[in-house]
Every structure is written in C-alpha cells, then in structure tokens.
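Before any comments, here is the structure.
A note on names: the letters A, B, ... follow the listed sequences, proteins ahead of strands, and every chain is numbered from 1. Hydrogens, waters and symmetry mates are skipped; everything else that's a heavy atom, side chains included, is used.
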There are 2 protein chains.
Amino acid sequence: MGVRERKARDRQEMRDIILKSAYHLFLEKGFADVSIRNVAEAIEYSPATIYLYFKDKNEIIHALHSQGFGLLNKHFQPLYKIADPFERLREMGKAYIRFAIKNAEMYKLLFVRSEPMDHLAGCEDKNWEEGDSAFNALSQTIEQCKQKGYFKKFDTHQFSMMVWSFTHGLCALRLSGHLGRVKEEREGKRKLDQIMNETLETFIHTLEKLKQ
Amino acid sequence: MGVRERKARDRQEMRDIILKSAYHLFLEKGFADVSIRNVAEAIEYSPATIYLYFKDKNEIIHALHSQGFGLLNKHFQPLYKIADPFERLREMGKAYIRFAIKNAEMYKLLFVRSEPMDHLAGCEDKNWEEGDSAFNALSQTIEQCKQKGYFKKFDTHQFSMMVWSFTHGLCALRLSGHLGRVKEEREGKRKLDQIMNETLETFIHTLEKLKQ
DNA sequence: TTAAATGATAAACAGTGTTCATAAAAACAC
DNA sequence: GTGTTTTTATGAACACTGTTTATCATTTAA
C-alpha cells in the first residue's frame, strides 16, 4: 500500500505549488508587498491552508532562500571551466553582479534580508551547505590564484572575505538605490551598470597588482 | 505679534518630540517593529495626531535619515585632523565600521533600506547634501593619497566608489547576519568584530601596495 | 462677542500574519 | 458495506498595521 508515499508526494507537490506561486508574486510585486493572502488567492486556496504546509511565512521565505542559492550556484557553474584562476575570479565577479541585477528581489532575499539568517540561527546544528558551497568556490579560486603568484602574503579566508565584501557592497548599494545618488550619477554622466562595471574593474585592477 | 512664530516653534518642537521618540523605539525594538501607534502611545498622543506633523511614515523615516547622516559626519569629524591621508583613510574605515556596529539600526536606515532613497527620488531637484558630504570626505582623502604617491593610475571617483563598496559590504554582511554564517566563524574560531577588523586590514594592506 | 482657523481624537477602512473550531473528505478497521 | 478515526480545507476571528475622515474643543482673528 503506497498510500503513505502518495500522500507524501502530494504534500511535496502542494509545497512546490505554494513556493512557485510565492516566487512569481515576489518577482511581480517585490518582496515586501506579497502577503500570505496574495499567495493563497493565486493558488486558489484559503489562507489557512498554507499553514498546513508551512509553519509560517518565514519558512516559506527560507525555502525560497534555499532555491535561490541553487540558482546562484547554477550561474557560477559555467565559470568552473575557466582554467586561469585570476580570469575565473574576474568572471565570478561579473557573474555575481549579473545575478544580483537580473534577480534583484532574490538577491535581497539571499544577502540583504536578515530574516533567513535568523531562521537559520534557530536550527544551529544544521550546516549551511548552500552558502558554504558558493563561498568555497571563491576560496578555492583565490587559493589557485595564490599558487599562480597572486596574493602570496595573504590569508586565503581573509582575502575571500574581502572580495566578497566588496562585491556584495557594490550590489547592495545598487539595489538599495544608493548608487544612483552619488553626485556623478545624479548628473547623468554615467549609467548605473557602467558604474558597476567600472568599479569592479577598478577592484580587479588593484588585485592584479598583487602578483608575486 | 509673534503668534505665528510661536506656532511655528511649537510645531517644530512637536516634530522633534515625535522623532526623538521614534528613534528611541527604533533602538529598542528594531526598525521593522515600530508602528505609528507605538510612537503615538510613547508620546501620549493619538495616532492621528502624528499625521498633523508628518505626511506619512516615510517622512518620519526620512527625517531620521537626515539626522543619522549628521551623526555619521560627527563620527568622522575628529579624523580630519589626521595629517597623513593614508592613515586618515584607514581610520575612516575603522570609524565607519564602529558607527555601523554601534548604531546598527541607524546604519540600516542610512545605507541598507531603500525607502529613504525612494523618498529622495521623489524630490529630484533637491541635492542630497548629507550623503555627498560624507562621500566627498572620502574622495578628498583619496585625492590626497594620490598626491602622496598612492593609487596614481586610478580615477579618484571610481576608486572612492570601490572603497565605499568594500566597507559598506563588510558592514552590511555583518548586520544582516551573513558574516556569522561563514564556516570559520560558525566553528567559533573567531569573533565577529575580529573578522571585521582583519578583513578591513586585509583591504588596507592591498591598498598599501599600490604606492607609486 | 462672534466667526474662522487650528489642534486633537475616536472611529473606521482596508490591509497584514496567524489561530481555531467546524465541516467535509479520505483512510482505516471490522 | 458500515462505523470510526485521521487528514484536509476553510470561514471567522484576533490582534495587529498605515492612513483617512468626521467630529469636537480650543485658540486665534475680526
């Protein structure tokens, strides 16, 4: 009797429907403006029904959070083919920024909002595989750069933190609207995407000078 | 008859009372968990009264936003005495991070939340003096560094953007809880503040190598 | 003293996340 | 097939949120 299995399958299916609908609404209306009632209406169920499949709104957010990291890792995958580690590092920066701009709401969910991290702090024993996976990709690339003569005197972990901090900072300033407020941009001299590329290139350029 | 003047004074006084109370509540309960009704109760007035002094919640947020920049600029003021521009740059980084940690909710209001920037985008003609002031302090310091032989081949504005991106990224990751989730920290090897200092030092160290 | 303007508020509107008793449907035991 | 238990779904409610409006008291102006 596979009735238990079918029920488990049905349950997972329902969870997926809710998540998919919630994600679409996030993309449409932005993260802050989606309510449980919106999701319920979209899937043509009562709001209370959602609470049969998710403990609360945070659990939905966290589920999307996990999916988002999967998406980010997918964006990174093609870059692992790049043999030269420094070139790969540059392309990782570009890919990271592309991801942040193309999936703005998702990026905020992954790296700006603190709710998912708080939720994660609750279950402390559990490792944060998705996050570590992305960070390890960076660390490994930097380690390989070191073997090619870059950043020789620097600690790999600290250097990775620094690179991540810069890249995230650039994306965060862009998504929060602060980048569009700097004088030069306000005067319309440059487009936002151009500023981001130039700033990334400036950063990469400083790293380039750290060879041997 | 100074009745107009007195009324204007009373009005400003009431606005200050509301702002002060709102700020205290923000510090206590965090930005997201403060409502107009909370503020009203704290000052012992009806919620509707607040709307006589502020158009809506965003205007309160934006008023605090302005005050926050004043506070940040105050934190920077002592640093202008430092003669050596590179040393000043380092201390600006430290001061920025100190400010972000000590005034976490305010920092989020200033640099993470997008509402104040959206509100600012509404009145486009108005310059954003407070923000430019802080950014100019950074730009000038970097310009002076260039005169001392640092970053010679770099554009001042782009280089300033890069430095700001890094510093903000570090603070943002800390305040959103992402810094506490990196493997090394999860294993309890290092304290958060130590990580931030080390990462800043790593960054400063890369800049140091860009002399002449 | 009367008329107009201002200040303050209770009540209401439309929305939020969440809980709970109730009703319908499916699974199980006999 | 009947009766019982478990699962699934929901309407209604609770305690909130930001904001608006009609109403009332007070202060200013004529």
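The C1' atoms of five pairs define one axis at each end of the helix from C/dT1-D/dA30 to C/dC30-D/dG1, and these two axes lie 10° apart (to 10°).
The ring pair (Phe, Tyr, Trp, His ring centres under 6.0 Å) test with A/F159 is passed by exactly one of A/W164, A/F166, A/F154: A/F154.
B/N38 comes within 4.0 angstrom of the backbone, heavy atoms only, and of no base. Using a 4.0 Å heavy-atom distance criterion, A/Y53 is classed as a sugar-phosphate-only contact. Using a 4.0 Å heavy-atom distance criterion, A/T49 is classed as a base contact. Across all strands shown, B/V34 has heavy atoms under 4.0 Å from sugar-phosphate atoms exclusively, and none from any base.
With D/dA9, D/dG18, C/dA8 as the candidates, the nucleotide lying closest to the side chain of B/L52 is C/dA8. Residue A/K7 has its side chain nearest to D/dT7 when only C/dG17, D/dT7, D/dT28 are considered. Here C/dT18 is the nucleotide among C/dC20, D/dT20, C/dT18 with the atom lying nearest to any side-chain atom of A/I36. For B/K57, whose side chain is taken as the heavy atoms from C-beta onward, the closest listed nucleotide among D/dT19, C/dA8, C/dT18 is D/dT19.
What separates CD of A/E41 from C1' of D/dA9 is a distance of 17 Å, to the nearest Å. To the nearest angstrom, P of D/dT8 lies 12 Å from CD1 of A/I18. The nearest whole Å value for the distance from the CG atom in A/D10 to the P atom in C/dA25 is 17 Å. Atom CZ in A/F54 sits about 15 Å away from atom P in D/dT8, given to the nearest Å. The interatomic distance linking B/E13 (CD) with C/dG7 (C1') rounds to 15 Å, in whole Å. What separates OH of B/Y51 from C1' of C/dG7 is a distance of 17 Å, to the nearest Å. Atom P of nucleotide D/dT10 and atom CD1 of A/I43 are separated by 9 Å, given to the nearest angstrom. Distance, B/L25 CG to D/dG18 P: 12 Å, rounded to whole Å.
Between A/H75 and A/F99, the ring planes lie perpendicular to each other; the angle is over 60°, past the 30° to 60° tilted range. A tilted orientation is assigned to the rings of B/F111 and A/H178, their planes being inclined by 30° to 60°. Between A/H168 and B/H168, the ring-plane angle classifies as parallel under the 30° and 60° cut-offs.
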Go through the steps for B/D16 and B/Q12 under the test side-chain hydrogen bond (donor to acceptor under 3.5 Å, both in side chains), then give the verdict. CA-CA 6 Å; B/D16 287 344; B/Q12 190 53 50; 3.3 Å; yes
Listing time: all N or O pairs from protein to nucleotides 22-26 of chain D that are below 3.5 Å?
none

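Contact check on B/R181 versus A/D132 returns no salt bridge, with no Lys/Arg side-chain nitrogen under 4.0 Å from an Asp/Glu carboxylate oxygen. We find that A/K57 and A/E115 are not joined by a salt bridge, their nearest charged nitrogen and carboxylate oxygen being 4.0 Å or further apart.
Between A/S35 and C/dG15, a side-chain N or O to OP1/OP2 separation shorter than 4.0 Å is absent. When the side-chain nitrogen and oxygen atoms of A/S46 are compared with OP1 and OP2 of D/dA9, none of them lie within a distance under 4.0 Å.
Atom-to-atom distance recorded for B/H24:NE2 and B/N38:CG is 15.0 Å, nearest 0.5 angstrom. Separation of atoms CD (A/E130) and CG (A/L71) is listed at 12.5 Å; rounding is to 0.5 Å.
B/R113 forms no cation-pi arrangement with B/F31, by the criterion of a distance under 6.0 Å to the ring centre and an angle within 45° of the ring axis.
B/Y96 and B/Y107 are linked by a side-chain donor-acceptor pair at a separation below 3.5 angstrom, with hydrogens and angles left out of the test.
Toward the 5' end of DNA chain C, the nearer of the two residues A/K55 and A/D33, judged by each one's closest nucleotide, is A/D33. Along DNA chain C, the nucleotide nearest B/R11 and the nucleotide nearest A/P47 are compared for position; the residue whose nucleotide lies closer to the 5' end is B/R11.
Side chain A/R37 to base C/dG15: no donor-acceptor pair is found below 3.5 Å.
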